[in-house]
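Each remark here refers to the structure printed beneath this line.
Note on naming: letters A, B, ... go to the chains in the order of the sequence lines (proteins, then strands), and numbering restarts at 1 for each one. Since we're looking at a predicted model, the values are computed, not measured.
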There are 2 protein chains.
Amino acid sequence: MQITASDFDPVFAALADHTRRDIVRRAISAEEGILELASHYPMSFAAVQKHVAVLERAGLITKHRIGRRRVVRTNLEALLIARRLLDQYEALWLAQIGRMDELIAERAGAVGTVETKESKR
Amino acid sequence: MQITASDFDPVFAALADHTRRDIVRRAISAEEGILELASHYPMSFAAVQKHVAVLERAGLITKHRIGRRRVVRTNLEALLIARRLLDQYEALWLAQIGRMDELIAERAGAVGTVETKESKR
DNA sequence: CGCTCGTACAACCGTATCGTTGTATCGGTG
DNA sequence: CACCGATACAACGATACGGTTGTACGAGCG
């Protein structure tokens, strides 16, 4: 399956909320139902439920029946997809630094010569 | 300076938009003014300007005067802060896996085998 | 079988966001 | 200094978001 650019939108949007990030964190190491989750936050049960729904739509968590509850588990895959994008940016950055170094090296070679004419935009 | 949890909100929120992610990407390797940036996107100049403002508020980019333009540069630091959070989640995940392995080992040990129980970290 | 625990979902409200257009400002260039 | 290239900002409308309350459903327990 191919990851399209717009797939990142819901993931980052989901992570842009403090409460949702905390749910992700909790759901890594615990297996709580929505009701248990909700007890940690100063908002209604329904509000937490909505946050869980956002996270689920983003693929960051999944729900599984256990007894009469539906426990929430975070899906590492989605987190890694987000991280991969940040890694790409970092790689681009490093490549750019490399290019700058090249330029500097070039200039160093040109030292002493009379200003080469730059035709900048 | 200390990073508080709410500092992540604007960063992830800023990254939750396709156009803004593209601006971040461009601003890594190019030095364009807002007007030049805007030429790449199917929206008004003012809209792009707003996106840039969002990115700037999130600390993801900075603006610098060059001649009569204000060129946009992405700030790797902010990107790394976001990545660091994802790394933390991954570490939590791995720790959790470790804990599960322990449990499994314990059970295996309980099945009459002579397995030495490891008390990890 | 019926109750109730846990969850889902709809309706609503206030505010934020994303786009638009129009106007104001700021700094170089001629 | 006058002009114009480049940016900033205000106002507006449509839509999305984050919270609330209230109601409905479905699965286990007694």
Side-chain angles (χ1 to χ4, degrees), chain A residues 5-27 30-74 118-121, chain B residues 5-27 30-74:
Chain A
S6 57
D7 292 338
F8 291 108
D9 291 34
V11 175
F12 283 111
L15 290 174
D17 184 281
H18 177 54
T19 302
R20 285 195 292 260
R21 285 196 303 276
D22 199 65
I23 291 176
V24 165
R25 187 186 56 75
R26 282 182 184 280
E31 293 216 330
E32 297 181 293
I34 318 277
L35 202 64
E36 297 162 90
L37 268 178
S39 70
H40 303 301
Y41 309 103
M43 64 187 71
S44 71
F45 163 77
V48 172
Q49 193 177 340
K50 274 194 183 180
H51 283 305
V52 169
V54 170
L55 289 167
E56 192 176 20
R57 255 179 274 129
L60 281 165
I61 60 145
T62 53
K63 289 190 280 193
H64 307 267
R65 286 216 90 90
I66 289 194
R68 54 173 57 174
R69 297 173 311 154
R70 309 197 118 204
V71 299
V72 171
R73 295 199 200 122
T74 110
E118 297 263 334
S119 59
K120 300 284 293 186
R121 43 185 95 218
Chain B
S6 57
D7 291 338
F8 290 109
D9 292 32
V11 174
F12 284 112
L15 289 174
D17 184 280
H18 178 55
T19 302
R20 285 196 292 260
R21 284 196 303 275
D22 200 66
I23 291 176
V24 165
R25 189 186 54 76
R26 283 181 184 280
E31 294 215 330
E32 298 182 292
I34 318 277
L35 202 63
E36 298 161 88
L37 268 178
S39 70
H40 303 300
Y41 308 103
M43 64 187 73
S44 71
F45 162 78
V48 173
Q49 194 178 339
K50 276 193 183 182
H51 282 305
V52 169
V54 170
L55 289 167
E56 193 177 19
R57 257 179 272 129
L60 282 164
I61 61 144
T62 53
K63 289 190 279 192
H64 307 267
R65 285 217 91 90
I66 289 193
R68 55 174 55 174
R69 297 173 309 154
R70 308 196 119 204
V71 299
V72 171
R73 295 199 200 122
T74 110

**Fill in**
Atom CD1 of Ile34(A) and atom P of dG26(D) are separated, to the nearest Å, by 17 Å
**Request:** Using whole Å, report how far CZ of Phe12(B) lies from P of dA16(C).
**Result:** 22 Å
**Request:** Measure across Leu60(B) and Val11(B) and return the closest heavy-atom pair with its distance rounded to 0.1 Å.
**Result:** CD1-O, 3.9 Å
**Request:** Determine yes or no for a side-chain-to-main-chain donor-acceptor pair under 3.5 angstrom, with Arg21(A) supplying the side chain and Leu15(A) the backbone.
**Result:** yes
**Prompt:** Between dA6(D), dA8(C), dC9(D), which one does the side chain of Arg69(B) approach most closely?
**Reply:** dA6(D)
**Prompt:** Where the side chain of Leu35(A) is defined as all heavy atoms beyond and including C-beta, which of dT7(D), dG6(C), dT20(C) is the nearest nucleotide?
**Reply:** dG6(C)
**Prompt:** For dG26(D), does either OP1 or OP2 sit under 4.0 Å from a side-chain N or O belonging to Arg70(A)?
**Reply:** no
**Asked** With respect to the side chain of Ala47(B), which nucleotide from dA8(C), dG18(D), dT20(C) is positioned closest?
**Response** dT20(C)
**Request:** Select one nucleotide: of dT20(D), dC5(C), dT20(C), the one nearest the side-chain heavy atoms of Arg68(A).
**Result:** dC5(C)
**Prompt:** How is Ala53(A) classified with respect to the nucleic acid when contacts are heavy atoms under 4.0 Å: base, sugar-phosphate, or nothing?
**Reply:** nothing
**Request:** Quickly work out the Ile61(A) CD1 to dT7(C) C1' distance and round it to whole Å.
**Result:** 13 Å
**Prompt:** Quick one: which of dT20(D), dC9(C), dG27(C) gets closest to the side chain of Arg65(B)?
**Reply:** dG27(C)
**Message:** Would you say Ser44(A) places a side-chain N or O within less than 4.0 Å of OP1 or OP2 belonging to dG19(D)?
**Reply:** no
**Message:** If you assign Lys63(B) and Thr19(A) each to the DNA chain D nucleotide with the nearest heavy atom, which residue ends up on the more 5' nucleotide?
**Reply:** Lys63(B)
**Item:** Whole angstrom value for the distance that separates P of dC9(C) from CZ of Arg57(A)
**Value:** 10 Å
**Shortest non-hydrogen contact from His51(B) toward Thr19(B)** = CD2-CG2, 4.0 Å
**Prompt:** Looking at Thr74(A) and Val24(A), what are the two nearest heavy atoms and their distance?
**Reply:** CG2-O, 2.8 Å
**Item:** Whole angstrom value for the distance that separates P of dG18(D) from CD1 of Ile23(A)
**Value:** 11 Å
**Prompt:** Is it true that a side-chain atom of Arg70(A) and a backbone atom of Lys63(A) form a donor plus acceptor pair closer than 3.5 Å?
**Reply:** no
**Item:** Given dT20(D), dT20(C), dA8(D), the nucleotide with the shortest approach to the side chain of Met43(B)
**Value:** dT20(C)
**Spacing of Asp9(B) atom CG relative to dT15(C) atom P, expressed in whole Å** = 19 Å
**Request:** Please state how far atom NE2 in His51(B) lies from atom P in dT17(C), giving the value in whole angstrom units.
**Result:** 12 Å
**Lys50(B) NZ - dT21(C) P separation (whole Å)** = 12 Å
